[in-house]
Number of protein chains: 2
Amino acid sequence: MAKPSPLADMPPPLDSALDDLIGYAIRRAQLKLFQNLIGRLAEHDLRPAQFSALAIIEQNPGLMQTDLARALAIEPPQVVPLLNKLESRALAVRLRCKPDKRSYGIFLSKSGETLLKTLKDIAAQSDLDATAALDSEERATLLRLLKKVYQD
Amino acid sequence: MAKPSPLADMPPPLDSALDDLIGYAIRRAQLKLFQNLIGRLAEHDLRPAQFSALAIIEQNPGLMQTDLARALAIEPPQVVPLLNKLESRALAVRLRCKPDKRSYGIFLSKSGETLLKTLKDIAAQSDLDATAALDSEERATLLRLLKKVYQD
DNA sequence: CAAATATAGTTATGTCAATTAACTATTAAT
DNA sequence: ATTAATAGTTAATTGACATAACTATATTTG
């Protein structure tokens, strides 16, 4: 059962004249998407950053914690408990496999790969669910425009 | 001078296979917009929530703190320091002006109104700046689609 | 009317995330 | 060799935020 999500419901705001700002609209839409995803991932006792980490590790097997930190836009110390959690659940492993013995290579375990498949479906479903007001053409347009914004 | 903004730069991520999720794209785009706005508002020693509060008060003069909390999607205790700050800078005032003497009516001061005009320009400029990769038709489309998502 | 209950705002407390600083071990540079 | 830099970790600080408790009014109702 989905947790009651402390930040969950965004109440209908009073008229605030911010309505024509993309920054305002995107914040509200992002919150909706994020809350939806948080709820669904919670059933697997995972947070969005952990899901992102799994996806990044899959695409970049053997990467170092430093790389993961940069990719997640978090600081190295935050990577430690995150990876500890993934490792304790046997979803990922740290291996001393580099010429440089200070660093670890990070890999998904078999069950990490399996779970990630499920999580990707969940994320895709969450996306669809939270954007149910759009048809698939609009969704494609939205994605294209968002990429244009953040890739700039 | 703009503060070096602790969260500022989102580094180019490794390929992570999250690229086709709207939730992922919107988070990254939102962060870009938000960081841009934070930087610009910092020059006026204001945070986005304080700017939003000013805009909401302008549109709803005399509203109660409870209403403001709901509109900002924050808890009532958080309104206290926020309003204290606005009041200490003489941008807004709490007035016992209701039949119910437990509550305050909140209003902008003259200088609050004046500053808000400036801030709206800043926010609009921030929007344009952070979405410089889009032409104005694309911007309109993006805004329309985002509204559709969060108003749903 | 009196007592009980509810509400607006505030204060106090606890929790948790996230940044920073400092420590260990390895590696690279002079 | 000594020094400096880097990967990862631990520890300490800060800050956001929620929850609970307090005050003063207001409402309800017995």
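Not measured: the values here are computed from a predicted model. Residue numbering restarts at 1 for every chain, and letters A, B, ... go by the order of the sequence lines.
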For A/Y104 and C/dT27, what is the distance between atoms OH and C1' respectively, to the nearest whole Å? 16 Å
Less than 3.5 Å between a donor and an acceptor, one on the side chain of B/R102 and one on the base of C/dT7, is that the case here? yes
Just the rounded figure in Å: distance from P of C/dT10 to CG of B/L68. 11 Å
Atom-to-atom span, CD1 of A/I106 to C1' of D/dA7 - whole angstrom: 11 Å
With sequence neighbours left out, the residues meeting side-chain hydrogen bond (donor to acceptor under 3.5 Å, both in side chains) with A/S111 are A/S109
Over how many whole Å does the gap from A/Q50 atom CD to C/dA18 atom P extend? 11 Å
Rounded to whole Å, CG of A/D67 lies from P of D/dT6 at a distance of 14 Å
Who are the side chain to side chain contact (heavy atoms under 4.5 Å, CB included) partners of B/K98, not counting sequence neighbours? B/M64, B/S103
Which residues, ordered by chain and number, are linked to A/F107 in its hydrophobic cluster, where ILVMFWY side chains connect at heavy-atom gaps below 4.5 Å, directly or through other members? A/V93, A/L95
Below 3.5 Å between N/O atoms, which protein atoms pair up with nucleotides 12-16 of chain D? Just atom names and distances, please.
from, atom 1, to, atom 2, distance (Å)
D/dA16, OP1, B/R47, NH2, 3.2

Which nucleotide, D/dT9, D/dA7, C/dT20, lies nearest any side-chain atom of A/Q65? D/dT9
Atom-pair distance (CG on B/L31; C1' on C/dA18), nearest Å: 14 Å
Contacts to DNA chain C from residues 79-101 of chain B, heavy-atom cutoff under 4.0 Å, which residues? B/V80, B/R94
Is any side-chain heavy atom of B/I122 closer than 4.5 Å to a side-chain heavy atom of B/H44? yes
Can you list every salt bridge (charged side-chain N to carboxylate O under 4.0 Å, His left out) pair that touches residues 126-136 of chain B, not counting sequence neighbours? B/R40-B/D129
What residues, two or more places apart in sequence or in another chain, satisfy side chain to side chain contact (heavy atoms under 4.5 Å, CB included) together with B/R47? B/Q50
Check every atom of C/dA8, C/dA21, D/dG8 against the side chain of A/M64 and return the nucleotide holding the closest atom. D/dG8
For B/V80, the hydrophobic cluster (side chain heavy atoms closer than 4.5 Å, chained through members) also holds none
A/R70 CZ to C/dT19 P: how many Å, rounded? 16 Å
Looking at A/T66, I'd like to know whether one of its side-chain N or O atoms comes within less than 4.0 Å of OP1 or OP2 on D/dG8. yes
Residues which pass salt bridge (Lys or Arg N to Asp or Glu O under 4.0 Å) with A/R144, listed by chain and number, not counting sequence neighbours: B/E138
Return yes if a side-chain donor-acceptor contact under 3.5 Å exists between A/R94 and A/Q65, otherwise no. yes
